[in-house]
Amino acid sequence: MKSKRNIILPYIISCGLILLTTLFGELVKEKIGPTNIVMFYLLAVVFVAIRWGRGPAITTSIISVLFFDFFLVPPYFTLSVADIEYIFTFTAFLIVGIIVSTFASKVREQIMQHQTEKLHSALLNSISHDLKTPLVSITGTLTALLDKKSNLDAQHIRELLETAKGESDRLNRIVNNLLDMTKMESGVLRISKKPCDLRDLIGACLEQLKEKIGCREIKIEIPKDSPEISVDFPFMLKALFNIVDNALKYSPDGTPVEIQADFFQHKAQVRIRDYGAGIPKEDLKRIFEKFYRVERSQNVSGTGLGLCISKSIIEAHSGKISVESTPAKGSTFIVELPLE
Ligand code: ADP
């Protein structure tokens with residue numbers, strides 16, 4: 001059983017974090033404006049959610065709003081607000097705070113059950129980093145929308161909302177990837193195979209990626225009259241999505257991505273080829289490992305989980321995934337699935 005000290009400590013540290021954030025806010029509020037400071041409170045919420053779970057994180061959200069209002073929103077040292085728009089800031093903060101707390105603590109609970117201490121700390125670093133980027137962007141967008149001085153026109157408001165939506169989708173994908181990973185590791189993942197057309201699978205995958213694809217050329221070669229494959233459609237979609245997403249992510253805009261399928265007597269083979277930077281030889285073996293990222297990819301956002309998830313899904317279908325890559329020329333990921 002948890003000792004009293006262990007239960008109370010997160011709340012004390014959370015209050016300390018809020019105090020520090022408020023102090024920091026006091027110092028910078030003239031320069032960056034109160035709504036921007038909300039972002040730092042959100043980071044405190046994310047940190048607390050990941051470290052101690054939902055209860056302390058939601059408490060942190062609520063106390064943050066109170067402190068923010070009391071110390072940083074005019075009129076100071078009262079809980080009333082001069083400008084009604086702050087009510088939107090408070091509401092948006094509480095909603096984002098609660099969503100993040102719920103997501104982060106779900107992930108945390110699963111980790112607590114199934115991961116070792118070492119993995120736990122790697123995951124913490126990875127999630128806190130990858131949650132931060134979209135969160136900062138969402139907060140920035142909300143701030144711009146709330147800023148009275150900016151006099152945004154309808155077109156601009158739409159663009160900002162689209163950015164916020166895109167970033168929320170990204171946040172959602174990261175959390176889903178983490179949940180899938182923990183499910184797979186704990187053996188909760190059950191696949192249920194049904195016959196399907198590879199063309200439909202690739203079509204659905206490209207549909208999900210259509211915004212990222214934009215004007216990029218995707219060459220698809222699938223033989224006519226190819227036999228059906230037997231897969232769990234949503235999971236295999238996820239496996240292919242991660243690979244095609246990488247092909248787009250790690251190759252420059254003007255280059256094509258090729259998806260080519262071949263059918264042999266006992267297996268279907270899908271090759272996903274890009275003309276990007278390629279993968280150094282020494283990294284080839286490790287890119288399917290959890291959290292492994294090639295050193296020079298650090299400027300592209302990612303968690304190092306995508307390929308590991310794809311591999312687990314493909315292997316759960318008794319398939320195989322491999323990669324061939326020439327640095328500076330590009331990479332080909334090869335997925336093989338048995339035909340029944
Ligand atoms: P990430 O979230 O980092 O993209 P992945 O598990 O999908 O994680 O990939 C692991 C690493 O493998 C990436 O960080 C990247 O360095 C490398 N990688 C994956 N696909 C490609 C590709 N098509 N071209 C070059 N590097 C790739």
Side-chain angles (χ1 to χ4, degrees), residues 107 119 122-134 166-167 169-185 189 202 205-206 208-209 211-214 216-220 235-260 269-316 319-335:
V107 171
L119 178 59
L123 188 55
L124 280 181
N125 287 340
S126 165
I127 326 175
S128 30
H129 175 81
D130 287 292
L131 289 178
K132 239 187 282 175
T133 325
E167 291 297 322
D169 288 346
R170 193 165 127 198
L171 204 59
N172 208 3
R173 254 198 320 272
I174 295 172
V175 175
N176 278 337
N177 265 354
L178 287 162
L179 289 177
D180 282 345
M181 193 70 237
T182 40
K183 260 189 229 156
M184 267 179 264
E185 295 212 321
L189 179 123
I202 289 174
C205 175
L206 297 180
Q208 286 191 356
L209 280 163
E211 270 165 38
K212 278 200 184 162
I213 293 172
R216 292 194 61 175
E217 185 188 1
I218 311 286
K219 292 184 189 164
I220 304 174
F235 274 115
M236 193 47 75
L237 177 59
K238 204 166 278 189
L240 291 178
F241 176 98
N242 291 340
I243 302 167
V244 181
D245 185 33
N246 279 346
L248 291 162
K249 237 172 34 173
Y250 297 108
S251 65
D253 266 355
T255 58
V257 167
E258 294 167 4
I259 303 173
Q260 187 200 0
Q269 188 188 62
V270 186
R271 300 167 69 90
I272 295 126
R273 164 157 205 188
D274 68 68
Y275 294 85
I279 302 159
K281 203 165 164 221
E282 62 274 18
D283 291 308
L284 278 180
K285 271 213 190 88
R286 302 200 57 195
I287 55 167
F288 296 102
E289 287 175 18
K290 193 163 32 191
F291 301 122
Y292 192 79
R293 306 200 67 208
V294 176
E295 187 70 34
R296 60 162 171 66
S297 305
Q298 304 301 336
N299 57 341
V300 181
S301 84
T303 49
L305 282 174
L307 285 179
C308 177
I309 291 173
S310 297
K311 184 168 190 259
S312 308
I313 294 174
I314 291 162
E315 287 179 353
K320 265 197 321 203
I321 178 168
S322 58
V323 57
E324 292 165 359
S325 185
T326 318
K329 293 228 164 96
S331 316
T332 307
F333 282 82
I334 303 150
V335 177

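Order of appearance sets the numbers: ligands from 1, and atoms from 1 within every ligand. Here the structure is a predicted model, which is why all the values come from computation and not from measurement.
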Undergrad: So, 4.0 Å and heavy atoms of A277: is ligand 1 close enough to count as a contact?
TA: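 Under 4.0 Å: no for A277.
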Undergrad: Quick one: does V323's side chain get under 4.5 Å of F288's, heavy atoms only?
TA: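 Yes, side chains in contact.
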Undergrad: I need the atoms of ligand 1 closer than 4.0 Å to a non-hydrogen atom of I279, numbered in the order shown.
TA: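 Contacts of ligand 1 toward I279, numbered from 1: 25 (C), 26 (N), 27 (C).
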Undergrad: Consider ligand 1: state whether an atom of it lies below 4.0 angstrom from any non-hydrogen atom of F288.
TA: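 Checking ligand 1 against F288, which is what was asked, there is no heavy-atom contact under 4.0 Å.
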Undergrad: Looking at G278, which atoms of ligand 1 are within less than 4.0 Å of one of its heavy atoms?
TA: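 In order of number, 25 (C).
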Undergrad: Taking 4.0 angstrom as the limit and counting only heavy atoms of Y292, give me the atoms of ligand 1 inside it, by number and element.
TA: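 Contacts of ligand 1 toward Y292, numbered from 1: 10 (C), 11 (C).
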Undergrad: Which heavy atom of Y275 sits nearest to which heavy atom of P252, and what is that distance?
TA: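 Looking at all heavy atoms of both residues, the shortest contact is O-CD, 3.8 Å.
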Undergrad: Return the minimal non-hydrogen interatomic distance between K212 and D245, and the atom names on each side.
TA: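 K212 and D245 have their closest heavy atoms at NZ-OD1, 2.7 Å.
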Undergrad: List ligand 1 atoms under 4.0 Å from G306, heavy atoms only on the residue side.
TA: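 Taking each heavy atom of G306 in turn, ligand 1 has 5 (P), 6 (O), 7 (O) under 4.0 Å.
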Undergrad: If you look at every heavy atom in K320 and I314, which pair is closest and at what distance?
TA: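 Minimum heavy-atom contact is N-CG2, 3.4 Å.
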Undergrad: Residue-level breakdown please: for V294 versus ligand 1, do any non-hydrogen atoms fall below 4.0 Å on the side chain, on the backbone, on both, or on neither?
TA: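 Answer for V294: both.
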Undergrad: To which of E289, R293, R273 does the heavy atom nearest atom 3 (O) of ligand 1 belong?
TA: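 Checking each option, the heavy atom nearest atom 3 (O) of ligand 1 is found in R293.
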Undergrad: With a 4.5 Å heavy-atom cut-off, do S251 and R216 have their side chains touching?
TA: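 Answer yes - side chains close enough.
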Undergrad: I'd like to know whether Y250 forms a side-chain contact (heavy atoms from CB on, under 4.5 Å) with D274, so could you lay out the CA-CA distance, the side-chain angles of the two residues, the decisive distance to 0.1 Å, and finally the verdict.
TA: CA-CA 8 Å; Y250 297 108; D274 68 68; 5.6 Å; no
Undergrad: Find out whether R273 and V257 are in side-chain contact, i.e. whether some heavy atom of one side chain is under 4.5 Å from a heavy atom of the other.
TA: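 SC-SC contact between R273 and V257 ruled out.
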Undergrad: Suppose we measure from atom 23 (N) of ligand 1 to each protein heavy atom; which comes out shortest, and what is that distance?
TA: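 Protein heavy atom at minimum distance: D274 OD2, 2.8 Å.
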Undergrad: Out of all atoms in ligand 1, which are within 4.0 Å of some heavy atom of K249? Include the element for each.
TA: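 Going through ligand 1 atom by atom, the ones under 4.0 Å from K249 are 1 (P), 2 (O), 4 (O).
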Undergrad: If every non-hydrogen atom of S325 is compared with every non-hydrogen atom of G278, which pair is closest and at what distance?
TA: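 Between these two residues, the closest heavy atoms are OG-CA, 3.3 Å.
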Undergrad: Would you mind checking which non-hydrogen protein atom is closest to atom 16 (O) of ligand 1, with the distance to 0.1 Å?
TA: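 Of the protein heavy atoms, S297 OG, 2.5 Å lies nearest.
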Undergrad: Do me a favour and list the nearest non-hydrogen protein atom to atom 21 (C) of ligand 1 with residue, atom name and distance?
TA: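 Heavy-atom neighbour on the protein nearest atom 21 (C) of ligand 1: Y250 CD1, 3.5 Å.
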Undergrad: What protein heavy atom is closest to atom 2 (O) of ligand 1, reported as residue, atom name and distance in Å?
TA: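 Here the closest protein heavy atom is T303 N, 2.8 Å.
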Undergrad: Taking all non-hydrogen atoms of both residues, which atom of F333 and which atom of I243 are closest, and how far apart?
TA: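 Distance-wise, the nearest heavy atoms are CB-CG2, 3.6 Å.
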Undergrad: Any idea which atoms of ligand 1 are less than 4.0 Å away from a heavy-atom of I287?
TA: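 Near I287, meaning under 4.0 Å from one of its heavy atoms, ligand 1 has 10 (C), 12 (O).
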Undergrad: Please confirm whether L305 comes under 4.0 Å of ligand 1, counting heavy atoms of the residue only.
TA: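 A heavy atom of L305 does come that close to ligand 1.
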Undergrad: Looking at ligand 1, is there an atom of it that comes within less than 4.0 Å of some heavy atom belonging to G304?
TA: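 In this structure, G304 qualifies as a contact of ligand 1 - some heavy atom is under 4.0 Å.
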Undergrad: Nearest 0.5 Å, what's the CG-CG distance between L206 and L248?
TA: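 Spacing of CG (L206) from CG (L248) equals 8.5 Å.
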Undergrad: Using the side-chain contact (heavy atoms from CB on, under 4.5 Å) definition, which of the options I313, L307, L237, I309 pairs with N242?
TA: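 That would be I309; it is the only one of I313, L307, L237, I309 passing the side-chain contact (heavy atoms from CB on, under 4.5 Å) with N242.
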Undergrad: If the cut-off is 4.0 Å to any non-hydrogen atom of N246, which atoms of ligand 1 fall inside it?
TA: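 Those atoms are 4 (O), 5 (P), 7 (O), 9 (O), 19 (C), 20 (N), 23 (N).
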Undergrad: Judged on heavy-atom distance to atom 5 (P) of ligand 1, which of L307, L284, L248, V244 sits nearest?
TA: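 Result: the heavy atom closest to atom 5 (P) of ligand 1 is in L307.
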